[in-house]
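Each remark here refers to the structure printed beneath this line.
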Amino acid sequence: MDLKNFRFETDADGISVLTWDMPGRSMNVITEEVMNELESVIEHVASDPAVKGCVIISGKDTFSGGADLGMLDGSARQYAEMVQTHGEEAAMQAFFDATRRLTLLYRRLETSGKPWVAAIDGTCLGGAFELSLACHYRIVSDGPKTRVGLPEIKVGLFPGAGGTQRVARLMQTGDALQMLFKGEQIRPQAAKAMGLVHAIAPRDELLGKAKEWIAAGNKGVAPWDDPKFRAPSGKVFSPAGMMVWPAANAIYRRETQDNYPAAKAILHAVYEGLQLPMDLALRVESRWFAHILRSKEARAMIRSLFVSMGELNKGARRPPAQPPAKIAKVGIIGAGFMGASIAYVSALNGIGVVLIDRDIEAAEKGKAHSHKLMSDQIAKGRAKTAERDALLGLIEPTADYAALASCDLVIEAVFEDRNVKAEAMRKADVVMKPGTIFASNTSTLPITSLAENAARPEDFIGIHFFSPVERMMLVEVIVGKRTGDRALATALDFVRMLRKTPIVVNDSRGFYANRCVLNYVREGHLMFAEGVPPAMIENVARMAGMPVGPLSLNDEVALDLAWKILQATKADLGADAVDPQQERLLDDLVNRHARLGRKNGKGFYDYPEKGPKTLWPGLSELQSTKSDPDHLNIEDMKHRFLVTQALEAARTVEEGVVTDPREADVGSILGFGFAPFTGGTLSYIDGMGVAEFVLLCDRLAKTYGPRFTPTDLLIEMAQKHETFYGRFGRKSRAA
Ligand code: NAD
């Protein structure tokens, strides 16, 4: 056998070891070539009487992340081409055959008559875990990085190489559906408890134990190929089955609002597959897979959440000529809400921190935040005391700016006040090492104007974190007019060290993410003013695909902050820049009723000490008019929520704030949860077609107001039949 991606050896006892070790890659992935080689190995093992069985193991320090999604995307493109050349039916058949190749390969392995064992250390996800599910025995290492799982749902797909069928035959149907819906990475103990793996072993005993299982004479027959096999939940049409399926449907609706075809396909594949023998069940799964792979949602999600996100993480926007920044220690000025969290995520990633506040007590309080977060992790069994001690050892709280002399990067997170920021920068400037980059975490103040107070404006940049910093994966890096390439490279390297995703935007009021979010919240306020029942505002926003309703979101960020932003906007841009109805509502809530949001337990919602939040009954009195909930146009409401954000994203492109559609899309999903099934704000427009979007905007503008008027750029693009990716994306990726 001519193998490039594997090594294949058979020992004196007739036990073969297939070591997956792709040259020139840090991680194994399933490619066309891997499938070809695997096929020849399977046939060899099946036909060589001298081979008793085979262990599959990785030659790298992790197992595999699964299939190359680029390959799947390629199949979809080939399909589109073939429709033109050979017609729909032939294209469908070719697509179906191509996309189920892995399924048939794994099934051939499973039914080869020889026992196969997967020996897993590190991550084993997606198509790679489906490979191990087809093996007759799975043994995982107890290493700290070992994880198994089927995360396909996160990019709008589902496990289509036997995953839905084998998982559903290994555990109770309800548990299987949950696992497939969540797509989580599962630790060894949990995987064993769920019945996903058979055994756990220390890393260096993994191969020995795997071989032992074959040597012990175990058979290469999957449980479901035994004629006596019964699925753990019994038959679909049985009293037990009827306990599962109606609830599963309801849970699917609640969790997805019917926006994710892949989740629905999982329900179909499991429900239909469990009523069939394995080979037919796999065929059903393949049909659904081919259907989903061609869906608009899967293509958009793969592009934004896999391809683009990967490219941004690898430094797509990093100035290539700049050497990697060395950041051993970061200085953080302001140990408040944001500063304390930035200190935590820095230390968590091994970076030393000088944490400064106006007095040592405030700085210590900021450090205590890290103590609390680590203690919570320890209580959940996710961290050890020694790790907490090591992390706290990295954070030096102080009120003395002189400590900044040892820092490689300084970030200020002091009050959102131009003068306070200028003062902090002035004090830092006199002590920082020559050439140290200084960043501001401001959420509203333009970077170019803040840089006027900097001694070296070319070394000044915005690094805008989102709250809660511990959980939010996006960081907006803001380039001012005079920001230099070295500052940009340093900021991007720092964000990567924190394992977050950066987008680079040019300076503007509210930058990118907050501009879109503020529009979303405003739309909720305006619906409220129109008399829409608050519960419907919240529910319809979730139906549109947003993770939280606009009223909840406003409560989280604070209503007085929304009020302050309106006042600042009015002061800077004039009274016409704010909507009087929105201003009246916020004035009522904040100034007349002291309802500031979650922070004082009183916002659109009441927040009792115990129990869930509930909408404040007094809201009803703030609505001078009431709409009849039975006659609301729900589709229009859904459109309004998404269009107002997408339109703002289009404006940021037109103004040159966002220059790369990948950043608008990835930023919108990671930064504010914009309906992920659309692929992000600009993919939402491209997916609908710009001309269609312009028509929709026109219609909404007529009914709901000029804020929906399409921009000049959109009208021009519609006339020229352009897309955002076609016009602003890299040529090779033009959609
Ligand atoms: P905060 O009030 O919680 O913290 C500010 C801290 O800065 C306080 O501890 C204060 O004592 C300290 N401070 C003030 N002047 C100082 C000085 N001269 N030297 C040292 N320390 C000083 O505020 P926050 O919410 O953490 O916001 C900080 C910055 O982050 C602001 O620019 C804000 O716009 C931005 N931001 C906030 C959020 C958010 O959700 N809160 C999100 C993104 C960005």
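Every heavy atom of this structure was used, including side-chain atoms; hydrogens, water molecules and symmetry mates were not. Predicted, not measured: the structure shown is a model, and the values here were computed from it. One-based numbering, in listed order, for ligands and for the atoms of each.
With respect to atom 32 (O) of ligand 1, the closest heavy atom belonging to the protein is Glu416 OE1, 2.4 Å. Among protein heavy atoms, atom 3 (O) of ligand 1 sits closest to Phe337 N, 2.9 Å. For atom 8 (C) of ligand 1, the closest heavy atom belonging to the protein is Asp357 OD2, 3.6 Å. Of the protein's non-hydrogen atoms, Phe415 CE2, 3.3 Å is the one closest to atom 2 (O) of ligand 1. Of all protein heavy atoms, the one closest to atom 35 (C) of ligand 1 is Asn441 O, 3.2 Å. At the top of the distance list for atom 6 (C) of ligand 1, counting protein heavy atoms only, stands Gly336 N, 3.7 Å. In this structure, atom 29 (C) of ligand 1 lies nearest to the protein heavy atom Val414 O, 3.3 Å. Of all protein heavy atoms, the one closest to atom 5 (C) of ligand 1 is Ala413 O, 3.6 Å.
For a threshold of 3.5 Å applied to N or O pairs, the pair formed by His464 and ligand 1 contains no separation below that value. The distance criterion of under 3.5 Å between nitrogen or oxygen atoms is not met by Thr442 with respect to ligand 1. On a distance-only criterion, Lys421 and ligand 1 share at least one N/O pair closer than 3.5 Å. Polar contact with ligand 1: present for Met338 (N/O pair, distance under 3.5 Å). At under 3.5 Å, not a single nitrogen or oxygen of Phe465, backbone or side chain, sits near a nitrogen or oxygen of ligand 1.
Under the salt bridge (Lys or Arg N to Asp or Glu O under 4.0 Å) criterion, Arg496 pairs with no residue, sequence neighbours left out.
Summarising the geometry, atom CG belonging to Asp417 is positioned 11.0 Å from atom CD belonging to Glu423; distances are rounded to the nearest 0.5 Å.
Using a 4.0 Å cut-off between charged nitrogen and carboxylate oxygen, Asp588 and Arg595 do not count as a salt-bridge pair. Note on Lys372 versus Asp376: salt bridge recorded, some NZ/NE/NH1/NH2 to OD/OE distance being below 4.0 Å. Using a 4.0 Å cut-off between charged side-chain N and carboxylate O, Arg509 and Asp572 make a salt bridge. Salt-bridge annotation for Arg486 and Glu458: absent, with no side-chain N of the basic residue lying under 4.0 Å from a carboxylate O of the acidic one.
Listed by atom number, the atoms of ligand 1 under 4.0 Å from Tyr401 heavy atoms are 17 (C), 18 (N), 19 (N), 20 (C). Heavy-atom proximity to Ser467, at under 4.0 Å, picks out these atoms of ligand 1: 40 (O). Listed by number with element, the atoms of ligand 1 under 4.0 angstrom from any heavy atom of Ile333 are 19 (N), 20 (C). Heavy-atom proximity to Ser443, at under 4.0 Å, picks out these atoms of ligand 1: 33 (C), 34 (O), 35 (C), 36 (N), 44 (C).
Within the 4.0 Å cut-off (strictly below), no protein heavy atom is located near atom 23 (O) of ligand 1.
Ligand 1 lies nowhere less than 4.0 angstrom from a heavy atom belonging to Phe466. Look at Glu423 and you'll find every heavy atom at least 4.0 Å from all atoms of ligand 1. Using 4.0 Å as the threshold, Ala362 has no heavy atom nearer than that to any atom of ligand 1.
The six-membered or imidazole ring of Tyr520 lies near that of Phe641, with a centre-to-centre distance under 6.0 Å. The aromatic ring centroids of His464 and Tyr512 lie 6.0 Å or more from each other.
The 12-atom threshold is not exceeded at CG of Asp576, counting heavy atoms of other residues, nucleotides or ligands nearer than 6.0 Å.
Residue pairs meeting the side-chain hydrogen bond (donor to acceptor under 3.5 Å, both in side chains) criterion with at least one partner in residues 324-334, sequence neighbours excluded, are Lys329-Ser406.
Asn519 and Glu648 share a donor-acceptor pair across their side chains, judged by distance under 3.5 Å alone. For the 3.5 Å distance criterion, the side chains of Glu470 and Ser341 qualify, holding a donor opposite an acceptor.
One option in Asp359, Val420, Val557 has a heavy atom closer to atom 15 (N) of ligand 1 than any other, and that option is Val420.
Exactly one residue among Thr490, Ile437, Thr483 makes a side chain to side chain contact (heavy atoms under 4.5 Å, CB included) with Asp459. That residue is Ile437.
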